[in-house]
Amino acid sequence: MDLRHLRYFVAVAEELHFGRAAERLHMAQPPLSQAIRRLEDDLGVELLQRTTRRVGLTDAGRGYLARARRILDAVDEAASEARRVAAGAVGHLAIGCVGSATYSLLPALARGLSHELPGVDFSFRGEMLVPDQVAALRTGDIDVALLRPPIADLSLTVLPLRRDRLVVAVPAEAPLAAQRQVTIIDLAGIDLIVHSADRRSVMYDVVLGLFRDTGVEPRIRHEVGETSTLITLVAGGLGAAVVPEPVTALALEGVAFRPLAPPAAIDLAVAHRADRAETHLVRAVSAVQRIVRTHPT
């Protein structure tokens, strides 16, 4: 059955006049009358009662009109949905964030992405270490990741967002908290809390690199998987930690943050699988870049 015949029938049934229906459909009346006759022949029932003075619906016609409207509404909705999908206006995306991005950026991302792409269903996973993010991108458990390079996986597209300065988190009552800035040499002999080496944390490699380059042997006392746990241990007086500046957004009582001297920084990037090119994903990545550029560290 041609959908045009359904539209023709609905127009005639609503107008109850072939001439007005033809004008509404922007067509001549004879082809419209012939189309309705073909539709009735195909169905084997009479849908319209015709006299020289009026057109009316049969009982079969009234029942068919209700179903025809639902069918056409569904077809129109399907077309609208297809256009929204093609425009990247609908879909689902899971976004994974490293710990520091979780605290400083996730609220702004949730608001900004929902505003820019209201038809896309976003979910967020925070406190993810980079190796876990890379694995989740590969399997499709997440679609987009805010992570810390370097990333050696060539199957991922990695786009730089910004550089975050490194700061030192120390117990608020510790002598180092009285200093305006802290050096790696100041941390010699100080208990350190670091991200887990077993889970191949990027921050672990960065922190050990700073000590190695300075010629200081780090005294690592605790290794943790989550940045929030790391800062909580600092607040408990169990040691100091080198962290990206956005972690200061936690503002946990008992912790003082001091600039690292000389200054050092770590990159933040957005990544997705290189073989993913869905419109809503591409639009979301662009939105993430804009949001991060305009968001204070």
Side-chain angles (χ1 to χ4, degrees), residues 97-105 127-134 145-154 158 160-269 271 297:
C97 299
V98 291
S100 54
T102 301
Y103 320 125
S104 64
L105 283 174
E127 289 277 13
M128 294 187 73
L129 293 179
V130 172
D132 298 332
Q133 289 176 295
V134 170
L146 271 72
L147 43 67
R148 301 287 184 187
I151 306 298
D153 193 325
L154 298 180
V158 182
L161 291 174
R162 72 182 187 196
R163 285 179 63 77
D164 290 327
R165 292 179 298 179
L166 296 178
V167 299
V168 182
V170 298
E173 301 301 322
L176 288 178
Q179 299 182 192
R180 295 186 60 184
Q181 58 187 18
V182 176
T183 68
I184 295 298
I185 292 176
D186 291 331
L187 295 174
I190 300 293
D191 287 347
L192 294 176
I193 307 166
V194 298
H195 288 87
S196 174
D198 293 341
R199 297 175 66 183
R200 308 184 308 283
S201 163
V202 170
M203 273 304 300
Y204 178 88
D205 293 336
V206 168
V207 171
L208 262 64
L210 291 171
F211 278 84
R212 182 176 59 251
D213 294 344
T214 310
V216 174
E217 184 68 26
R219 192 164 83 182
I220 297 173
R221 285 293 179 261
H222 302 279
E223 295 186 15
V224 299
E226 295 80 26
T227 304
S228 58
T229 302
L230 182 149
I231 296 301
T232 300
L233 295 183
V234 174
L238 299 183
V242 178
V243 295
E245 186 176 22
V247 175
T248 60
L250 280 173
L252 194 64
E253 184 178 355
V255 179
F257 294 97
R258 296 293 178 263
L260 179 66
I266 186 171
D267 292 325
L268 180 68
T297 303

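The structure displayed is predicted, hence computed values, not measured ones. Atoms considered below: every heavy atom in the structure, side chains included; atoms not considered: hydrogens, waters and symmetry mates. Numbering of residues begins at 1 and proceeds along the displayed sequence.
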Taking all non-hydrogen atoms of both residues, which atom of Asp191 and which atom of Leu238 are closest, and how far apart? CB-O, 3.8 Å
Expected output: side-chain Glu223 to main-chain Ala197 donor-acceptor under 3.5 Å: yes
Shortest non-hydrogen contact from Phe211 to Glu217? CD2-C, 4.4 Å
Between the side chain of Arg219 and the main-chain N/O of Gly189, is any donor-acceptor distance below 3.5 Å? yes
Is any side-chain heavy atom of Arg221 less than 4.5 Å from a side-chain heavy atom of Ile193? no
Is Val168 close to Asp186 at the side-chain level, that is, under 4.5 Å between some pair of heavy atoms? no
Hey, does the side chain of Ser100 reach the backbone of Pro246 with a donor-acceptor pair shorter than 3.5 angstrom? no
Look at the side chain of Tyr103 and the backbone N and O of Ser228, then say whether any donor-acceptor pair between them is shorter than 3.5 Å. yes
Say whether, by atom type as modelled, one donor and one acceptor occur between the side chain of Arg148 and the main chain of Asp267 under 3.5 angstrom. yes
Distance-minimising heavy-atom pair for Val234 and Val170: CG1-C, 3.5 Å
Nearest heavy atoms of Val247 and Thr227, plus distance in Å: CG2-CG2, 3.8 Å
Is the backbone N or O of Leu146 less than 3.5 Å from a side-chain atom of Gln133, with the two atoms forming a donor-acceptor pair by type? yes
Quick check: closest heavy atoms across Ser104 and Arg162, and the distance to 0.1 Å? OG-NH2, 3.8 Å
For Met203 and His195, work out which heavy atoms get closest and say how close. CB-ND1, 3.6 Å
